[in-house]
Number of protein chains: 2
Amino acid sequence: MARRVDRRERRELLADALMRLAAARGLEAVSLRHVAAEAGVSTGMVQHYFRTKDEMMVFALGMVMDRIRRRSQAVAAPAAPRELVRGLLLQVLPLDETRRLENHVVLAFLAYAAVKPSLASGLREAAAQMRGFLAEQLRAAGVDGVDPEQGAAGLLALVDGLGLQVLSQQYAAEDAAAALDAQLVLLFGRP
Amino acid sequence: MARRVDRRERRELLADALMRLAAARGLEAVSLRHVAAEAGVSTGMVQHYFRTKDEMMVFALGMVMDRIRRRSQAVAAPAAPRELVRGLLLQVLPLDETRRLENHVVLAFLAYAAVKPSLASGLREAAAQMRGFLAEQLRAAGVDGVDPEQGAAGLLALVDGLGLQVLSQQYAAEDAAAALDAQLVLLFGRP
DNA sequence: GCCGTCGCAATACAGGTGCAATGCAAGGAG
DNA sequence: CTCCTTGCATTGCACCTGTATTGCGACGGC
């Protein structure tokens with residue numbers, strides 16, 4: 001039974017279990033044994049694929065960020081700047097169960113990264129990339145009354161904040177989408 | 001050595017230690033023993049004032065929220081709606097060390113509350129109260145082009161998101177303040 | 001002066017944690 | 001067939017966790 005396993009695939013399987021766990025019971029419930037149980041494997045196997053817990057965490061976060069980015073880029077194909085921006089930001093909001101789970105994980109990691117800088121860099125670069133893209137679109141659309149960079153930062157912060165409020169059940173998902181649209185009206189004018 | 005202690009005061013002393021700890025090393029570093037050590041007391045004393053760890057957490061979160069609210073109300077005295085809104089939201093952003101610490105704690109608790117609903121209610125009501133106040137001010141200022149409730153929600157989300165980005169070092173504090181001002185220009189027009 | 005209660009300290013305990021070490025079956029390489 | 005690497009499973013260890021228990025000195029009320 002040797003040699004024929006896809007290491008990458010196994011690691012993603014474990015990271016998936018970690019995500020489910022983090023979303024359901026918080027990052028503090030993430031332990032080697034719990035991840036193993038959730039994935040239906042032995043704790044030894046988890047140790048086999050991640051030499052340390054931190055390595056597992058970093059991998060899982062990277063996986064989530066990759067998924068979000070990939071989904072966002074899939075939207076990017078055929079649209080005017082405004083629709084492009086809207087589509088992209090809607091991908092970030094927790095409007096369905098998958099994205100709710102992802103947002104949950106990202107939030108947990110944000111709190112974690114605020115304390116453990118080894119995780120912060122990944123988050124930072126993903127955000128910077130997205131902010132750059134948004135600013136570019138705002139510039140292309142020729143929005144007036146606001147600096148494109150600041151408009152982009154504002155949009156990103158808005159979506160982050162909305163996600164936060166939806167997750168902590170202060171705000172309904174559809175209201176969050178409406179709030180985003182309201183902001184788009186402020187930036188781009190009436191559709 | 002009996003009878004002459006202010007129970008409330010002692011609890012706040014412990015909660016302060018908890019805050020420092022949470023801000024410096026994350027909520028996961030908060031344990032009875034660590035809080036005791038940070039406060040310079042015995043773990044027995046912590047147990048004496050909080051029968052359970054959860055009770056301690058809830059108290060600490062309540063204390064932080066109270067402080068933020070109190071500081072916000074102190075601003076509210078003598079100003080036009082726009083300045084009032086600006087002043088209030090600036091109190092929420094992590095622009096100095098105290099507020100950075102508070103934001104850190106709130107973030108940690110947000111991630112925690114997403115999983116432990118016993119903490120969520122306090123956060124929810126504080127946010128609702130603030131949103132109501134903001135909406136009222138927007139209405140009083142007669143902003144056009146946006147529904148006051150949604151404008152308020154947007155502002156709150158923006159500030160939350162900006163705080164998040166500042167904490168995770170994606171964004172500098174002064175840039176966050178500038179982004180807030182940019183949004184106020186969008187809502188209220190040029191000053 | 002006695003006593004009860006308050007304010008705390010110390011210790012014990014069962015359970016969970018990350019990690020290291022070891023064992024061992026199953027295949028491919030020679 | 002033999003070996004040796006791969007892919008796990010088991011077990012053990014030292015440490016940390018929340019909580020319960022017990023002890024005990026110091027005051028306030030009588």
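By convention in this document, chain letters (A, B, ...) are assigned in the order of the sequence lines, proteins followed by strands, and residues within each chain are numbered from 1.
Contacts with DNA chain C (heavy atom under 4.0 Å) in residues 29-48 of chain A: A:V30, A:S31, A:L32, A:R33, A:H34, A:Q47, listed by number. Contact check of residues 12-28 of chain B against DNA chain C (heavy atom, cut-off under 4.0 Å) returns no residues at all.
Atom CZ of A:F50 is separated from atom C1' of D:dC8 by 15 Å (rounded to the nearest Å). If you take CZ of B:R51 and P of C:dC6, they are 14 Å apart, rounded to a whole angstrom. Atom CE of A:M56 and atom P of C:dG18 are 7 Å apart (whole Å).
Salt-bridge annotation for B:R139 and B:E149: present, with a side-chain N of the basic residue lying under 4.0 Å from a carboxylate O of the acidic one. The pair A:D6-A:R10 fails the salt-bridge criterion, with no side-chain N (NZ, NE, NH1 or NH2) lying under 4.0 Å from an Asp/Glu carboxylate O. Remark: B:E12 does not engage B:R7 in a salt bridge, criterion side-chain N to carboxylate O under 4.0 Å.
The closest side-chain heavy-atom distance from B:Q91 to B:E102 is not below 4.5 Å.
Within the structure, a side-chain polar atom (N or O) of A:R10 is placed less than 4.0 Å from OP1 or OP2 of D:dC8.
Separation of atoms CZ (A:R86) and CG (A:L155) is listed at 12.5 Å; rounding is to 0.5 Å. If you take CD on A:Q183 and CG on A:L162, they are separated by 9.5 Å, rounding to the nearest 0.5 Å.
Nearer to the 5' terminus of DNA chain C, by closest-nucleotide assignment, is the contact made by B:R7 (compared with the other of A:T52 and B:R7).
Cluster annotation: B:L93 is not connected to B:V185 through the hydrophobic network of ILVMFWY side chains, with a link wherever side-chain heavy atoms come within less than 4.5 Å.
Legend: ring-ring contact (aromatic ring centres under 6.0 Å, His included) pairs involving residues 31-50 of chain A, not counting sequence neighbours, sorted by first then second residue: A:F50-A:F59.
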